[in-house]
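A short worksheet on the structure shown next.
Naming: A, B, ... by sequence-line order, numbering from 1 per chain.
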2 protein chains.
Amino acid sequence: MPRLGMEPIRKAALVEATITEIGRAGSLDVTVAQIARRAGVSSALAHHYFGSKEQMFLAAMRHILGLYGAEVRGALALAEGPRDRLRAVIRASFAASSFRRETIGAWLNFYVLAQTVPDVKRLLRVYQHRICSNLRAPLRVLAPERAEALAEGLAAMIDGVYLREVLGQRPPDGAQAAAMVLDYLDVQLAARPNSGGAA
Amino acid sequence: MPRLGMEPIRKAALVEATITEIGRAGSLDVTVAQIARRAGVSSALAHHYFGSKEQMFLAAMRHILGLYGAEVRGALALAEGPRDRLRAVIRASFAASSFRRETIGAWLNFYVLAQTVPDVKRLLRVYQHRICSNLRAPLRVLAPERAEALAEGLAAMIDGVYLREVLGQRPPDGAQAAAMVLDYLDVQLAARPNSGGAA
DNA sequence: CGGTTTATTGATTGACTAGTCAATAAACCA
DNA sequence: TGGTTTATTGACTAGTCAATCAATAAACCG
């Protein structure tokens with residue numbers, strides 16, 4: 001009994017299911033049948049809407065990055081002044097919507113996928129570029145000379161914290177993770193407040 | 001024409017080939033046949049010596065971590081004083097023997113594998129614990145109150161730099177990577193030289 | 001009401017691959 | 001010398017899975 005206008009609903013369900021399955025399995029070795037089952041449809045339908053497994057992965061990744069981007073934009077909208085903006089970006093990176101076991105697991109696997117699938121690589125580069133930009137802009141105000149280096153350091157640290165979360169036995173603690181990066185930021189800014197000349 | 005005593009030679013070749021193939025493919029989706037071919041033997045022989053693909057992966061990982069451990073030990077042996085020891089550990093993390101495209105690619109994939117294979121997870125935990133210890137010990141001398149937090153921050157940053165290297169278009173530059181982490185360290189230590197109380 | 005589009009699936013196919021096995025042969029041993 | 005161990009492989013098996021297809025059926029359209 002097919003109702004019309006199912007496409008967006010099914011696609012959304014399949015994207016969610018893809019992330020969940022990858023996160024649970026901790027691997028890209030999930031079958032289309034598994035994903036489809038979780039989404040409550042047949043594997044044939046999944047192929048019908050996405051064309052291939054790779055396209056499903058890509059859509060899932062776009063979804064994750066989209067959520068993250070929304071989180072950042074939302075936080076930035078409320079922030080005033082460069083320091084606040086930096087904090088906003090960092091906190092958004094560990095907000096509950098992104099910093100969950102399944103999402104982290106999926107995210108790590110997309111890094112792996114980027115080595116094989118050019119489209120995924122491009123997508124991930126866009127994300128990296130955007131986060132660096134978001135950090136660099138306020139840093140240019142606070143520490144112009146070191147803005148570039150600090151932005152890269154912060155970005156690396158955020159990625160590193162994510163990565164280490166994958167192995168953690170404890171469930172991820174976004175607040176604590178954010179605190180570590182925020183502390184790094186504070187100390188760096190306190191060090192050479194408004195000028196630079198890093199090695 | 002089989003000569004005796006081939007086992008260690010074949011095993012070493014297969015381990016090398018495993019790392020190379022995973023690094024090149026950027027994925028764990030490499031066939032035993034591929035690995036064996038690169039090692040110059042049949043896939044049957046690979047199974048003969050390792051029993052299963054999983055054991056090959058595990059051996060490859062032990063090899064990578066072993067190389068890294070040796071690098072750290074070597075650097076530590078030459079270091080004098082806590083500050084020097086810290087620098088040694090960080091530099092060793094980006095030494096040429098470990099910081100190569102293929103090794104980095106393989107290393108990332110082992111993080112993924114850890115989510116599935118308990119033995120790999122255990123191995124990776126041992127590595128993380130060891131690097132944290134190596135950092136903590138000298139930090140306890142230089143900044144006792146913050147030693148724990150700083151060690152975790154440094155470790156996260158090291159992992160993060162590795163991770164970002166995976167996507168990089170340029171070939172990995174260990175010196176520059178090390179410089180970034182060393183700078184982080186210097187600033188943190190300069191900030192509150194011999195006491196603490198981080199938020 | 002027919003005809004078209006949309007939704008949906010069971011069944012099938014075609015390709016791939018981990019792991020097994022029996023066979024071959026050189027080297028060592030008693 | 002003849003038996004055992006070690007090295008090595010080609011061929012095979014059994015299982016998996018992405019992708020396709022033909023078929024069913026509801027909804028919409030003129």
Side-chain angles (χ1 to χ4, degrees), chain A residues 1-22 24-61 106 109-110 112-113 116-120, chain B residues 1-22 24-61 106 109-110 112-113 116-120:
Chain A
M1 37 330 255
R3 246 147 291 178
L4 294 200
M6 282 284 105
E7 178 157 351
I9 296 168
R10 295 306 192 199
K11 277 192 164 182
L14 282 163
V15 162
E16 262 304 320
T18 303
I19 294 168
T20 304
E21 284 298 311
I22 292 177
R24 289 209 173 182
S27 152
L28 295 170
D29 279 332
V30 291
T31 68
V32 173
Q34 263 171 52
I35 295 170
R37 195 177 326 124
R38 179 166 299 272
V41 298
S42 72
S43 67
L45 194 67
H47 276 103
H48 174 65
Y49 281 130
F50 283 98
S52 76
K53 190 174 166 176
E54 192 174 299
Q55 287 301 314
M56 281 190 245
F57 284 169
L58 215 57
M61 174 149 188
N109 277 282
F110 288 136
V112 168
L113 197 59
T116 312
V117 183
D119 281 342
V120 174
Chain B
M1 38 328 250
R3 249 148 287 177
L4 293 199
M6 282 285 104
E7 178 158 351
I9 296 167
R10 295 307 192 199
K11 276 192 164 183
L14 283 163
V15 161
E16 261 306 320
T18 302
I19 294 168
T20 304
E21 284 299 311
I22 292 177
R24 289 210 174 184
S27 151
L28 295 170
D29 280 330
V30 291
T31 69
V32 174
Q34 263 172 52
I35 296 170
R37 195 178 324 124
R38 180 166 300 271
V41 299
S42 72
S43 67
L45 194 67
H47 277 104
H48 174 65
Y49 281 130
F50 283 98
S52 75
K53 191 174 165 177
E54 192 175 298
Q55 288 301 313
M56 280 189 246
F57 284 169
L58 215 56
M61 176 149 185
N109 277 282
F110 288 135
V112 168
L113 197 59
T116 312
V117 183
D119 281 343
V120 174

Integer-rounded Å distance: [N] [atom2] and [X] [atom1]:
X: A/R3; N: D/dA25; atom1: CZ; atom2: C1'; value: 13 Å
X: A/D29; N: D/dG15; atom1: CG; atom2: P; value: 19 Å
X: A/L28; N: D/dA18; atom1: CG; atom2: P; value: 12 Å
X: B/L45; N: C/dG19; atom1: CG; atom2: C1'; value: 14 Å
X: B/Q34; N: C/dA18; atom1: CD; atom2: C1'; value: 13 Å
X: B/H48; N: D/dG10; atom1: NE2; atom2: P; value: 15 Å
X: A/F50; N: C/dT8; atom1: CZ; atom2: P; value: 13 Å
X: A/R37; N: D/dT16; atom1: CZ; atom2: C1'; value: 13 Å

**Study point:** Residue mapping more 5' on DNA chain D - nearest nucleotide basis, A/G51 or A/T31
**Key:**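 Looking at DNA chain D, the more 5' nearest nucleotide goes with A/T31.
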Check your understanding: Taking the nucleotide of DNA chain D with the closest heavy atom to each, which residue, B/S43 or B/P8, is nearer the 5' end?
Key ->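 This one resolves to B/P8.
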Atom of [X], atom of [Y] and distance for their closest heavy-atom approach:
X: A/V30; Y: A/A25; value: CG1-CB, 3.7 Å
X: A/Y49; Y: A/K11; value: O-CE, 3.5 Å
X: B/L28; Y: B/N109; value: N-OD1, 3.5 Å
X: B/I35; Y: B/L14; value: CG2-O, 3.8 Å

From [options], pick the nucleotide closest to the side chain of [X]?
X: A/A44; options: C/dA7, C/dG10, C/dC21; result: C/dG10
X: A/K53; options: C/dT20, D/dT8, D/dA19; result: D/dA19
X: A/L4; options: D/dT8, D/dA18, C/dT6; result: C/dT6
X: B/H47; options: D/dA7, C/dT8, C/dT20; result: C/dT20
X: A/M6; options: D/dT9, C/dT8, D/dA18; result: C/dT8

Check your understanding: OP1 or OP2 of C/dT6 less than 4.0 angstrom from a side-chain nitrogen or oxygen of A/Y49, does that happen here?
Key ->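 No, outside the criterion.
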Review point. Can you find a side chain N or O atom of B/R10 that sits less than 4.0 Å from OP1 or OP2 on D/dT8?
Key: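 Checking D/dT8 against B/R10, a side-chain N or O does come within under 4.0 Å of OP1 or OP2.
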Review point. Should we say atom CZ of B/R24 is surrounded by more than 12 heavy atoms from elsewhere, each under 6.0 Å from it?
Key: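 Atom CZ in B/R24 is not crowded, with 12 or fewer foreign heavy atoms closer than 6.0 Å.
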